[in-house]
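A short write-up of the structure that comes next.
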Amino acid sequence: MKVIIVFGTRPEAIKLFPVIHALKARPQIDTRVCVTAQHRGLLDQVLEMSGIVPDIDLDIMQENQTLDGLTARLIVELGKVFDSEQPDRVVVHGDTLTTMVASLAAYYRKIPVAHVEAGLRSGDIHHPWPEEVNRRVVACIADMNFAPTQGAADALLAEGRDPAGIYVTGNTVIDALLATKRRIDAEPSLAAGLAPLATRFSGKRIIAVTSHRRENFGGGMENIAKAVKDIAARPDVAIIFPVHPNPNVRAVMDVELAGLNNVAMIDPLDYPHFVKLLDMCEIVLTDSGGVQEEAPSLGKPVLVMRETTERPEGVAAGTARLVGTDRRKIVAELFRLLDDADAYAEMSRAHNPFGDGKGSDRIAEIMAGAVKG
Ligand code: UD1
Ligand code: UDP
């Protein structure tokens, strides 16, 4: 069976590299890798550290790309790939435009689709935007749905999806996280680039910040920048903020945060360095999906700058809290964690509500079993 795995952004690459390794270990599957490079630099960081060499690279990213321009380029180019490769199955991950369009291009050719990280739902098509709809479109098409949690599987069942095509596997981000943590524990030089910041901020309480969501562009992003500035007014904290290369993020952050001596706005970190940052920080402030899943595994309280989440398991486990993008609320919740040891202890117990690190093997085994069947 010839399978093409299609992905294009940093989070897809992080969550799929263990799946690719697991599929390639099964000889009954001819595994081909197609990257759209919807992200260029961020994707290449992951490909390099994971040793994945794409068979096809569409190099599609443009500066400040629009949703419709990207959709148009993706549908044409992915269609050509499927026509020439003639795969028996297409595998996609999550909720990006690459994911949604690849499933649509496969559907136009009646190629079956497997969806990794299926079934996450916020219930609000504007949060996250446009990811909630991307994920729902894939669910209409995919005949194999790898749901990371029982909650995600239940969401698919509630939409009337065929139970025979739904598998609860755990989220493969935990596979990536645990494998990477093991690698940097064994070889600390893989994440040694943060040492100068650790020295500079020695004795301070480190907050890790990331932000990139499209629905937060404009007012939400400005609020986030101002909240980070308010937090940085405390002399006992230091903020390490790897800034997403989307120009709509950098420009806003530069206005509020440039020149503050306890805020390090740095380039995006490769995955081993980011895992190290999660490990060395005290609190995580983010609007990221993947980071919400990783922080609980490391026992790091995570304040989520979103109104809703399609990943409620972290909130239910007590390690994540939704704080939205209101400046005062973000600051108040963060200060509460800094100043109230009980509140911090309550949120900093390690939990693994998203998976056990074996999701990729389960997915590969199910796909290999389908070949035998
Ligand atoms: C995309 C996904 C989002 C995901 C996020 C992960 C969509 C619609 N959005 O959002 O679901 O959470 O990735 O980070 O699929 N850029 C670079 N270099 C890079 C990456 C991006 O310069 O390596 C800049 C480019 O100017 C690019 C812009 O960021 O045009 C936006 O990239 P895009 O993939 O469209 O959106 P993201 O906000 O990154
Ligand atoms: N990440 C990284 N370097 C960074 C910031 C994040 O490797 O500088 C990783 C993070 O550990 C997580 C993933 O990128 O696995 C999340 O990507 P992002 O926040 O861009 O997208 P989302 O998960 O929100 O779709």
Side-chain angles (χ1 to χ4, degrees), residues 7-18 35-50 59-71 73-74 92-102 117 120 128-135 137-138 171-177 180-181 191 193-194 208-217 221 240-251 264-279 281 284 286-295 297-298 300 302 304-306 309-311 354:
F7 56 101
T9 68
R10 169 172 66 192
E12 292 162 84
I14 289 172
K15 292 166 168 185
L16 281 176
F17 82 74
V35 296
T36 62
Q38 172 181 335
H39 283 174
R40 185 71 272 173
L42 298 186
L43 175 74
D44 291 346
Q45 281 183 326
V46 187
L47 294 176
E48 197 186 321
M49 77 95 202
S50 61
D59 197 21
I60 223 143
M61 190 189 91
Q62 292 179 356
E63 177 70 10
N64 207 7
Q65 56 207 1
T66 58
L67 296 179
D68 40 12
L70 182 57
T71 302
R73 297 198 304 284
L74 285 168
V92 295
H93 178 283
D95 60 7
T96 71
L97 273 190
T98 289
T99 312
M100 187 272 282
V101 176
E117 202 188 68
L120 278 63
W129 176 80
E131 289 80 6
E132 175 79 0
V133 164
N134 286 345
R135 232 183 254 279
V137 170
V138 184
N171 197 310
T172 60
V173 75
I174 306 300
D175 313 18
L177 175 69
T180 305
K181 182 130 172 39
L194 285 169
V209 180
T210 80
S211 179
H212 72 84
R213 301 232 52 83
R214 274 180 193 262
E215 68 269 20
N216 288 343
F217 288 172
M221 203 59 80
I240 301 182
F241 188 167
V243 182
H244 193 287
N246 193 315
N248 299 288
V249 181
R250 178 106 229 175
M265 283 197 292
I266 56 176
D267 287 340
L269 293 167
D270 69 17
Y271 193 52
H273 280 91
F274 192 76
V275 171
K276 175 78 184 168
L277 174 60
L278 289 178
D279 212 26
C281 74
V284 183
T286 190
D287 62 9
S288 163
V291 178
Q292 280 178 69
E293 294 157 339
E294 292 160 340
S297 280
L298 299 173
K300 299 296 166 148
V302 55
V304 181
M305 297 183 289
R306 297 192 187 187
T309 182
E310 69 283 26
R311 296 168 164 93
F354 295 103

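Remember, it's 1-based here, ligands and their atoms both numbered in the order they're listed. Here the structure is a predicted model, which means the values were calculated and not measured. What you see below is based on every heavy atom in this structure, not just the backbone, and it leaves out hydrogens, waters and symmetry mates.
T36 and T98 are linked by a side-chain donor-acceptor pair at a separation below 3.5 angstrom, with hydrogens and angles left out of the test. Side chains of Q292 and T286: no donor on one and acceptor on the other come within 3.5 Å. Side-chain contact, S297 with E294: no donor N or O sits under 3.5 Å from an acceptor N or O.
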Pairwise, report which nitrogen or oxygen atoms of ligand 2 are under 3.5 angstrom from protein nitrogen or oxygen atoms, and how far apart they are.
{"unit_1": "ligand 2", "atom_1": "3 (N)", "unit_2": "R10", "atom_2": "NH1", "d": "3.4"}
{"unit_1": "ligand 2", "atom_1": "3 (N)", "unit_2": "L269", "atom_2": "O", "d": "2.7"}
{"unit_1": "ligand 2", "atom_1": "8 (O)", "unit_2": "L269", "atom_2": "N", "d": "2.9"}
{"unit_1": "ligand 2", "atom_1": "11 (O)", "unit_2": "E294", "atom_2": "OE1", "d": "2.7"}
{"unit_1": "ligand 2", "atom_1": "11 (O)", "unit_2": "E294", "atom_2": "OE2", "d": "3.1"}
{"unit_1": "ligand 2", "atom_1": "14 (O)", "unit_2": "R10", "atom_2": "NE", "d": "3.2"}
{"unit_1": "ligand 2", "atom_1": "15 (O)", "unit_2": "E294", "atom_2": "OE2", "d": "2.5"}
{"unit_1": "ligand 2", "atom_1": "19 (O)", "unit_2": "H212", "atom_2": "NE2", "d": "3.3"}
{"unit_1": "ligand 2", "atom_1": "19 (O)", "unit_2": "S288", "atom_2": "OG", "d": "2.7"}
{"unit_1": "ligand 2", "atom_1": "20 (O)", "unit_2": "R10", "atom_2": "NE", "d": "3.4"}
{"unit_1": "ligand 2", "atom_1": "20 (O)", "unit_2": "R10", "atom_2": "NH2", "d": "2.8"}
{"unit_1": "ligand 2", "atom_1": "21 (O)", "unit_2": "H212", "atom_2": "NE2", "d": "3.3"}
{"unit_1": "ligand 2", "atom_1": "23 (O)", "unit_2": "S288", "atom_2": "OG", "d": "3.4"}
{"unit_1": "ligand 2", "atom_1": "23 (O)", "unit_2": "G289", "atom_2": "N", "d": "3.4"}
{"unit_1": "ligand 2", "atom_1": "23 (O)", "unit_2": "G290", "atom_2": "N", "d": "2.7"}
{"unit_1": "ligand 2", "atom_1": "24 (O)", "unit_2": "H212", "atom_2": "NE2", "d": "2.8"}
{"unit_1": "ligand 2", "atom_1": "24 (O)", "unit_2": "S288", "atom_2": "OG", "d": "3.4"}
{"unit_1": "ligand 2", "atom_1": "24 (O)", "unit_2": "G289", "atom_2": "N", "d": "2.7"}

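The closest protein non-hydrogen atom to atom 10 (O) of ligand 1 is H39 NE2, 4.1 Å. In terms of protein heavy atoms, atom 34 (O) of ligand 1 is closest to Q38 NE2, 2.9 Å. Among protein heavy atoms, atom 5 (C) of ligand 1 sits closest to H212 CE1, 3.5 Å. Summary of contacts: the protein heavy atom closest to atom 27 (C) of ligand 1 is Q62 O, 3.6 Å. The protein atom (non-hydrogen) at minimum distance from atom 32 (O) of ligand 1 is Q65 NE2, 3.4 Å. Looking only at heavy atoms of the protein, atom 3 (C) of ligand 1 is closest to E131 OE2, 3.1 Å. Of the protein's non-hydrogen atoms, the one nearest atom 35 (O) of ligand 1 is R214 NH2, 2.7 Å.
In terms of modelled atom types and a separation under 3.5 Å, the side chain of H273 and the main chain of G193 share a donor-acceptor contact. Between the side chain of K300 and the main chain of C281, a donor-acceptor pair closer than 3.5 Å is present. Checking side-chain atoms of Q65 against main-chain N and O of Q38 turns up a donor-acceptor pair under 3.5 Å. Without hydrogens or angle criteria, E12 side chain to G8 main chain gives a donor-acceptor distance under 3.5 Å. For D95 (side chain) and E131 (main-chain N/O), no donor-acceptor pair under 3.5 Å exists by modelled atom type.
With sequence neighbours left out, N216 forms a side-chain contact (heavy atoms from CB on, under 4.5 Å) with R213, M221, I224, D287, T325. Judged as a ring-ring contact (aromatic ring centres under 6.0 Å, His included), and not counting sequence neighbours, H93 has no contacts.
Ionic pairing of E63 and R40 is not present here: no N-O contact between side-chain nitrogen and carboxylate oxygen is shorter than 4.0 angstrom. We find that R311 and E117 are joined by a salt bridge, their nearest charged nitrogen and carboxylate oxygen being less than 4.0 Å apart.
Distances between N or O atoms of N134 and those of ligand 1 include no value under 3.5 Å. The shortest N or O to N or O distance between L70 and ligand 1 is not below 3.5 Å.
Counting heavy atoms from C-beta on, the side chains of F7 and T96 never come closer than 4.5 Å.
At least one heavy atom of H244 sits closer than 4.0 Å to an atom of ligand 1.
Looking at V249, T66, N246, T36, it is N246 that brings a heavy atom closest to atom 31 (C) of ligand 1. Distances from atom 8 (C) of ligand 1 to the heavy atoms of L67, I60, L42, T96 put L67 nearest. Nearest residue to atom 17 (C) of ligand 1 from M61, M100, R10 is M61 (criterion: closest heavy atom). Which of P11, G94, G69 comes nearest to atom 6 (C) of ligand 1 through a heavy atom is settled by distance: it is P11. Which of T71, D287, L97 comes nearest to atom 15 (O) of ligand 1 through a heavy atom is settled by distance: it is L97.
Taking every heavy atom of R213 and a limit of under 4.0 angstrom, the matching atoms of ligand 1 come to 12 (O). Near N64, meaning under 4.0 Å from any of its heavy atoms, are these atoms of ligand 1: 25 (C), 26 (O), 27 (C), 30 (O). Interface atoms of ligand 1 facing P247, defined by a heavy-atom separation under 4.0 Å, are 26 (O).
Note: F17 and Y271 have perpendicular aromatic rings, judged against thresholds of 30 and 60 degrees for the angle between ring planes.
Contacts with ligand 1 closer than 4.0 Å are made by backbone heavy atoms (N, CA, C, O) of R40 only, the side chain lying farther away.
Every pair tested for salt bridge (charged side-chain N to carboxylate O under 4.0 Å, His left out) that includes a residue from residues 269-278 fails, sequence neighbours excluded, so the list is empty.
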